[in-house]
Amino acid sequence: MLGGTGTIGRATVRALVSRGHEVVCLVRRSAESRDPSGPADRGRLPSGATARFSDVTDPSSLARDGFRGEPFDVLVSCLASRTGLPADAWAIDHQAHVNALHASKAAGVTHVIHLSAICVQKPILAFQHAKLAYEEVLTTSGLDYTIVRPTAFFKSLSGQIDRVKRGKPFLVFGNGMLTACKPIGDDDLGTYLAECIDNADRRNRVLPIGGPGEAVTPKAQGERLFALLGREPRFTHVPVLMLDVIIAVLATLGRLVPALAAKAELARIGRYYATESMLVLDPATGRYDASATPSTGSETLFDYYARLVRGETVAERGDHAVF
């Protein structure tokens, strides 16, 4: 398995182990050192899984340190680039997966389960094109495949809880109803991915998936959060035009300062999520369709918010979370 130490990855490992699967996780080496990031990453794996430290961008390391000449049946990947920036995306979302796919074939793998993202159905950004390029390689590889495209994750929609607790307003773009999504929890998604191994109906398909309940807008997220805290809703409305200005300025300055070019790309990513719904896109109408977005699981985003407010869990937002 790839990406087993991330939040979705750990949930998937737990689901796989609970179903009696023998799970070997190929863990990335530290970006700052050629030494394995051993104890820290190993400690993030659920019990019952084996960690092997490998450089996923190096085919020889994958073969030597990861697969080790042993046979495997299924490759499950929850691996994704940490930033979404072009170099990172093409190195991880594309090339690392191509490397793992070739190594998997040599190891006898017959089925690949790949965690993608629903946003690739309308590709504008570098990481979306990188993901799609790998999906093309996978679907034409001759192996059985299951490509799962989830909607928004709970952790990605939890960034404003602390600011609201501190008495600040909830930030929304436009009127707060420009977008909607059907968020899915870690454990529900992990279970769905694990079930793909034995579910023949999910083979050789691209599967969008969301969590239970109705689609929710940013405005609805803020309203429920204030209700859970026992406070009157307060919103700050941010115009999308402001993002456009920021992107234009950073892109212009980025021609001289590479670091600002990277910030411009991050701003583009932010604008995308501020204006595009994470739902199935109807190609005929160009509109997002909540009713066509499948649901699974039992925990809603607002169940998760309630647990966060009660202090029963902590949000691990990651490097590329958005609010």
Side-chain angles (χ1 to χ4, degrees), residues 1-31 33-82 91-116 131 133-148 189-200 202-205:
M1 178 171 175
L2 302 178
T5 60
T7 54
I8 305 301
R10 296 200 305 274
T12 304
V13 171
R14 288 194 296 269
L16 290 168
V17 170
S18 72
R19 284 161 175 74
H21 297 292
E22 185 178 349
V23 183
V24 175
C25 295
L26 307 186
V27 180
R28 280 191 271 188
R29 297 185 188 278
S30 168
S33 170
R34 294 190 59 84
D35 294 328
S37 53
D41 279 340
R42 193 186 302 276
R44 290 169 64 85
L45 281 178
S47 61
T50 300
R52 294 181 182 176
F53 297 95
S54 173
D55 183 350
V56 293
T57 64
D58 181 356
S60 62
S61 177
L62 273 174
R64 181 185 64 249
D65 305 320
F67 288 87
R68 299 182 182 177
E70 299 172 9
F72 289 88
D73 301 312
V74 180
L75 172 67
V76 180
S77 178
C78 295
L79 179 67
S81 59
R82 292 188 170 113
I92 301 300
D93 295 317
H94 178 259
Q95 191 58 52
H97 279 96
V98 171
N99 296 342
L101 181 62
H102 293 328
S104 296
K105 275 189 170 184
V109 164
T110 59
H111 184 198
V112 177
I113 299 169
H114 179 67
L115 181 65
S116 183
K131 285 180 181 291
Y134 169 67
E135 288 185 17
E136 174 67 19
V137 174
L138 175 57
T139 57
T140 58
S141 68
L143 299 180
D144 283 350
Y145 64 87
T146 305
I147 296 172
V148 178
L189 180 54
T191 296
Y192 185 86
L193 289 165
E195 291 173 345
C196 291
I197 290 179
D198 298 316
N199 191 328
R202 296 183 188 174
R203 294 209 175 194
N204 301 315
R205 296 182 63 190

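For the atom pair D55 CG and L26 CG, the distance stands at 11.5 Å (nearest 0.5 Å). Atom CG of N99 is separated from atom OG of S60 by 9.5 Å, given to the nearest 0.5 angstrom. One distance of note links CZ of F72 with CD of E22; it measures 8.0 Å at 0.5 Å rounding. Here L62 contributes atom CG and R52 contributes atom CZ; the two are 12.0 Å apart, rounded to the nearest 0.5 Å. Interatomic distance, CG of L189 versus OG1 of T12, reported as 6.0 Å (0.5 Å rounding). We find the NZ-OG1 distance between K105 and T110 to be 12.0 Å, quoted to the nearest 0.5 Å.
Annotation: side chain of S141 is in contact with side chain of L138 (closest heavy-atom distance under 4.5 Å). The shortest distance between side-chain heavy atoms of N199 and T146 does not fall below 4.5 Å. Taking the side chain as every heavy atom from C-beta outward, V17 and P46 never approach each other to under 4.5 Å. Between D73 and I197, every side-chain heavy-atom pair lies at or beyond the 4.5 Å cut-off. R19 has its side chain within reach of T191: a pair of non-hydrogen atoms, C-beta onward, lies under 4.5 Å apart. A heavy-atom distance below 4.5 Å is not found between the side chains of H97 and L75. Inter-residue side-chain proximity for S116 and E135 is flagged as met; some heavy-atom pair is nearer than 4.5 Å.
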Let me see the working for T57 and Q95 under side-chain contact (heavy atoms from CB on, under 4.5 Å), right down to the final yes or no. CA-CA 7 Å; T57 64; Q95 191 58 52; over 6 Å; no
Go through the steps to decide whether R202 and Y192 satisfy the test side-chain contact (heavy atoms from CB on, under 4.5 Å), and finish with yes or no. CA-CA 10 Å; R202 296 183 188 174; Y192 185 86; 3.4 Å; yes
Stepwise, does the side-chain contact (heavy atoms from CB on, under 4.5 Å) test hold for F67 with V24? CA-CA 9 Å; F67 288 87; V24 175; over 6 Å; no
Can you list the steps and then say if H21 with V74 is a side-chain contact (heavy atoms from CB on, under 4.5 Å)? CA-CA 10 Å; H21 297 292; V74 180; over 6 Å; no
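When all heavy atoms of G4 and L45 are compared, the pair lying nearest together is O-CD2, 3.5 Å. Minimum interatomic distance between K131 and A80 (heavy atoms only, all atoms of both residues): NZ-CB, 4.1 Å. Nearest heavy-atom pair, D65 versus R68, reported as atom, atom and distance to 0.1 Å: O-NE, 3.3 Å. What you find for V27 and A51 is that their closest heavy atoms are CG2-CB, 4.2 Å. Contact between V148 and C196 at its shortest, heavy atoms only, is CG2-SG, 4.2 Å. Residues I92 and S81 share a closest heavy-atom pair of CG2-N, 3.7 Å.
Under a cut-off of 6.0 angstrom, the local environment of CZ in R205 is sparse, with at most 12 non-hydrogen atoms contributed by other residues, nucleotides or ligands.
The only member of I113, L115, L2 that meets side-chain contact (heavy atoms from CB on, under 4.5 Å) when paired with V76 is I113.
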